[in-house]
Amino acid sequence: MRTFIDAGSIHERPVMPSRLYSSTGLPSGIAHLDEHCHFLTTKNFPQPNGWARAIAQEGLWYNASTGDELIQHELLLPTESLDKMIPMHHESVLGVSYLAPHIIQEKRNVVNEARENIAKPVQQINSKLQELLFERPTYQGLGKVSDVDQTRVEDLQAFFDRYYTPDNMLTVVSGNVQPAAVAMALEKYFGTNPPRRPQRLEQNLQLALGENEVRHATIWDPKLTKSQICLAFPAPALENFRDRAAMAILVNLLGQGSQSLLHQRLEEQLNLATEVYSHTSSFKQTGMTNIQFSTEPKREKEALSAALKTIQTLSTQPVSPQKLGETKRKLIHAFLRSQEISGDATMQLGSEALSGHLDYYLNYVQGIQSITPQDLMRVAQQYLNPRRYAVVFGVHGPKPTPASIQDQAELSGIAFRGYQK
Amino acid sequence: MSRMYPSPMMTADLPLSAAAPSASTGASGGKPSIAGMPQQTLLVNGCPAVLQTSLHRSTSALSLQLPAPPGQDALRALWTQTLLAGSEGTKRFLEQALTRGINVTLDKRGNRLLLNLDGPAGQEADLLRTAMSLLQHPVMDPNTFERNRQNLIQSAQAQLQDPATPLYERMVQRLYGESHPYARSLQESLAALQRLSLADVMGWHQQMMADPRNIRIAMVSALPPEPQQDILNQGIQQSGWRGGGFGPFQPMNLVPPAQHNFVGRSKPILLPNESIERAIVYRGWRAPAISDPDYPAFCVMRKLMEDSGGLFFRRMRIDAGLVYSFKQQYKSLQSAAHYQFSAHIDGDKLAKSLDVLRSVTDELVHQTVPPRDLQRAKNRVLFEAKSQTETPSQVSDFNSQWLGCDLAPLSLREFETLIQRITPQDVRRVAARMFHPASGFEVTGITAPQAVLEKLPTGHARTADG
């Protein structure tokens, strides 16, 4: 059982300056802090962590997460406990009570979480990549320590009142359940949430890259033993079903599995890279296709150049019907397999339905089946443009002095234009 | 090595009984489990098998369990790479399997390497053909082998850079004894990686395959056991996999039982490291192995300590705010097991954290767990087991914790019965066995800047009362 909230860190005061996002007045990190508070004190469990203890007593699993455009609260439970647990889930989602002395505990946890997160080079690289592509680092969600410290009870209550409204939420239950009975139970509890139309500033992730713009940055860290190269291209937005299906196929062709183009070219033929990986995500108005691999120090230029050339072949050469057919079958089998796990199915279903794109999920198999080689070339030309991308180099070593940063940044030898961070 | 708690051993000579899935009460009662009782049998070539019928109608799972070379991580790693990525032909073969919905993975559990396959229901024969092709006709390419070896060497070298690695190794050496196979260092593995040849790996593989009694097969499918057995027997006959050659491998001959003739709290291992900001702390204890009669009580005790409702979380994070995240791990091998706690901790919170850690284990030793907390822990163990057995491949994975240690798997119902029997006294006995200085054995390792180590109170830094 998951409840999704159409909100996230996107509504907070930006942690880095950007023309793309307005300052909403909400402190950075508040969406994440609020998510933590839902497990802390609630109206019927006023003692700190009382709700969490009651859930633990049943042996159940709870969690929550905050993204740029979505918050989700999760409770994994046996079907036979559903009647008992719907009110408990409601209690956590809508019965939260913000009490100043108790919130201090969660502020400390949030700050500790941020510190542990920032210590990991992979997290730094991912945050920087999103910063280059959207001018919105993933660290936005963790917030500035000063903002987290200064967040008041009134701020949290205002956040709740503004976003935890019936028109802005969706609860999904999956498993061996009776839908009509579950709907009645959900209505009984979640139906009491009063409708209200607070003033909200509509804000979504925006693509920051200009036409033919390449942005790059370097992260130095002694913990890295190989150079990491992480590329991000724009990707279709949630509503663009056909392009999303085509991009899912392209990403699989590029970097998923031992027969993928990048694996074959970079690992097998050129012996230039290892750990090739690709992934695509869609948001309300934009998306990100992420391609990453490891290489040896001083071979970054060669590896990046070879990767870009390989990626470009998808824009210029049609994929053979046989290869396309195999890739479709792999994706469909993987999707069907993921639907057998209740937790995974709930996440996919809810995140599509919340944004009004349930049909993409419901018709995923047909959508994948319908893609043609021409679709792939069109989508590759539109999104996987080797002159429009962001790249972050993760490099072994301590951060160099400012004077040598340019030298280090040019270790790839690529003539970057435009933005440089 | 035998399990002391009830359930038949893997004797593989029990009559195969027709079995519809049993109506297990499940973790929380009332609903059937997706899988029936595991049935043991012998296949046509003498290979022992465990067959289980699933209510789940859309997928099936097959697992072939190969003996893993004990204490030889390098050979195991090279063998794994060779079986699944030994040549371009092998990689293409696996990609083709994916287009048929057949997913193949290799995993290490206990003393065994598990070749796991899952795919659409009705494709059970294809699962076996795919497995047999990989095992009977492995395609090896010396260049690919060399590249795989170099990648493994690089991974090992990167792991050597991790400041936690020497700490962990010292802790395990202290727990098992320096010369014990379970305590082999990464440096030793690295040397073996550089030394082993493709012929060594293939020699091991051929030795393991030469006698079907070395391999265990487990299947979870919607089919009843008899048709499962028929499919396996037909596939084995078609593949020509039969005995002869080397004779059965005896893994126990290679691994003498670990010594446990010491008790107490060993002097802490302190490793100064000026390149890290936060201290890294490990604390390890010898623990009941999966075959041990105390294993079910240990499972319950772990849940009293772990997760968001457990003592570590409450004391370390909620009450004292000492740390945000930490890890607990349990490793069970053929003749021994250990349990460990690890965390990254600020230098100024280190002494307090060690005190709180001690208070948690002392509480379990000296106080009887309240019935409500005990039931919570049992519920957690059972719910976790149930939520991790939603599909045949998950059931297969659940079974592998026993099969990996050459034990017969328990059904969810049998497991639930064992867990529900655990009493507060059982938990206290296991806690005393693991944590009491008079009966358990505890090792603490800390790596941190010298200045942080020097500030540790005497009780944490220099005493050795065991």
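Chain A is the first sequence line, chain B the second, and so forth, proteins listed ahead of strands; every chain is numbered from 1.
Looking at A:Ser258, both its backbone and its side chain come within 4.5 Å of chain B, counting heavy atoms on both sides. Interface remark: A:Glu296 contributes side-chain atoms only to the contact with chain B (heavy atom separation under 4.5 Å). Using a 4.5 Å cut-off between heavy atoms, B:Gln161 touches chain A through its side chain atoms alone. Contact annotation for A:His263: only side-chain heavy atoms (C-beta onward) come within less than 4.5 Å of a heavy atom of chain B. For A:Tyr62, the part sitting under 4.5 Å from any heavy atom of chain B is the side chain, from C-beta outward, and nothing else. Of the two parts of A:Thr327, neither the backbone nor the side chain holds a non-hydrogen atom closer than 4.5 Å to a non-hydrogen atom of chain B.
Note: A:Ser342 leads A:Ala52, A:Gly343, A:Ser342 in heavy-atom pairs under 4.5 Å with chain B. Note: A:Asn49 leads A:Val111, A:Asn49, A:Thr274 in heavy-atom pairs under 4.5 Å with chain B. Of the listed residues (B:Ser325, B:Pro120, B:Ser387), the greatest number of heavy-atom pairs within a distance under 4.5 Å of chain A belongs to B:Ser325. Between chain A and the residues B:Asn103, B:Asn143, B:Thr144, B:Val323, the most heavy-atom pairs under 4.5 angstrom are made by B:Asn103. The candidate with the highest count of non-hydrogen atom pairs below 4.5 Å against chain A, out of B:Leu94, B:Asp346, B:Asn151, is B:Asp346. The choice from B:Arg278, B:Lys378, B:Gln394, B:Gln375 that makes the most heavy-atom pairs within less than 4.5 Å of chain A is B:Arg278. Contact count against chain B (heavy-atom pairs under 4.5 Å) is highest for A:Glu340 among A:Glu326, A:Glu340, A:Gln105, A:Lys328. Between chain A and the options B:Glu95, B:His344, B:Gln157, heavy-atom pairs under 4.5 Å are most frequent for B:Glu95. Between chain A and the options B:Thr99, B:Asp118, B:Val381, heavy-atom pairs under 4.5 Å are most frequent for B:Thr99.
Residues passing the side-chain contact (heavy atoms from CB on, under 4.5 Å) test with B:Ala320 are B:Leu322, B:Lys352, sequence neighbours excluded. Applying the side-chain hydrogen bond (donor to acceptor under 3.5 Å, both in side chains) rule to B:Glu124 yields the partners B:Ser60, B:Ser221; only residues at least two apart in sequence or on another chain are considered.
Here B:Thr59 contributes atom OG1 and A:Leu336 contributes atom CG; the two are 10.5 Å apart, rounded to the nearest 0.5 Å. The distance from the CZ atom of B:Phe383 to the CG atom of A:Leu77 is 6.0 Å, given to the nearest 0.5 Å. Atom-to-atom distance recorded for A:Gln339:CD and B:Thr391:OG1 is 13.0 Å, nearest 0.5 angstrom. If you take CH2 on A:Trp61 and CD on B:Glu384, they are separated by 8.5 Å, rounding to the nearest 0.5 Å. A distance of 11.0 Å separates CD1 of A:Ile55 from CZ of B:Arg380, quoted to the nearest 0.5 Å.
For A:Gln269, the CD atom counts as densely surrounded, since its 6.0 Å shell holds more than 12 non-hydrogen atoms of other residues, nucleotides or ligands. Other residues, nucleotides and ligands contribute at most 12 non-hydrogen atoms within 6.0 Å of the CD atom of A:Gln322. Counting heavy-atom neighbours within 6.0 Å of B:Glu146 CD, excluding the residue itself, gives a total above 12. Summarising the local packing, CD of A:Gln47 is surrounded by 12 or fewer heavy atoms from other residues, nucleotides or ligands at distances under 6.0 Å.
Here the rule is side chain to side chain contact (heavy atoms under 4.5 Å, CB included) with B:Leu98, and of A:Lys330, A:His333, A:Arg329 only A:Lys330 fits it.
Within the 3.5 Å criterion, the main-chain N or O of A:Gln57 finds no donor-acceptor partner in the side chain of B:Arg376. Checking side-chain atoms of A:Asn109 against main-chain N and O of B:Tyr324 turns up no donor-acceptor pair under 3.5 Å.
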For B:Glu88 and A:Gln264: C-alpha separation, side-chain torsions, deciding distance, then whether side-chain hydrogen bond (donor to acceptor under 3.5 Å, both in side chains) applies.
CA-CA 10 Å; B:Glu88 266 306 287; A:Gln264 283 291 311; 3.0 Å; yes
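Between B:Lys91 and A:Glu268 a salt bridge is recorded (basic side-chain N to carboxylate O distance below 4.0 Å). Using a cut-off of 4.0 Å between Lys/Arg side-chain N and Asp/Glu carboxylate O, B:Arg147 and A:Glu267 are scored as not salt-bridged. Under a 4.0 Å N-O distance rule, the pair A:Arg53/B:Asp373 does not qualify as a salt bridge. A salt bridge between A:Lys223 and B:Asp162 is absent, with no side-chain N of the basic residue lying under 4.0 Å from a carboxylate O of the acidic one. The pair B:Lys327-A:Glu116 fails the salt-bridge criterion, with no side-chain N (NZ, NE, NH1 or NH2) lying under 4.0 Å from an Asp/Glu carboxylate O.
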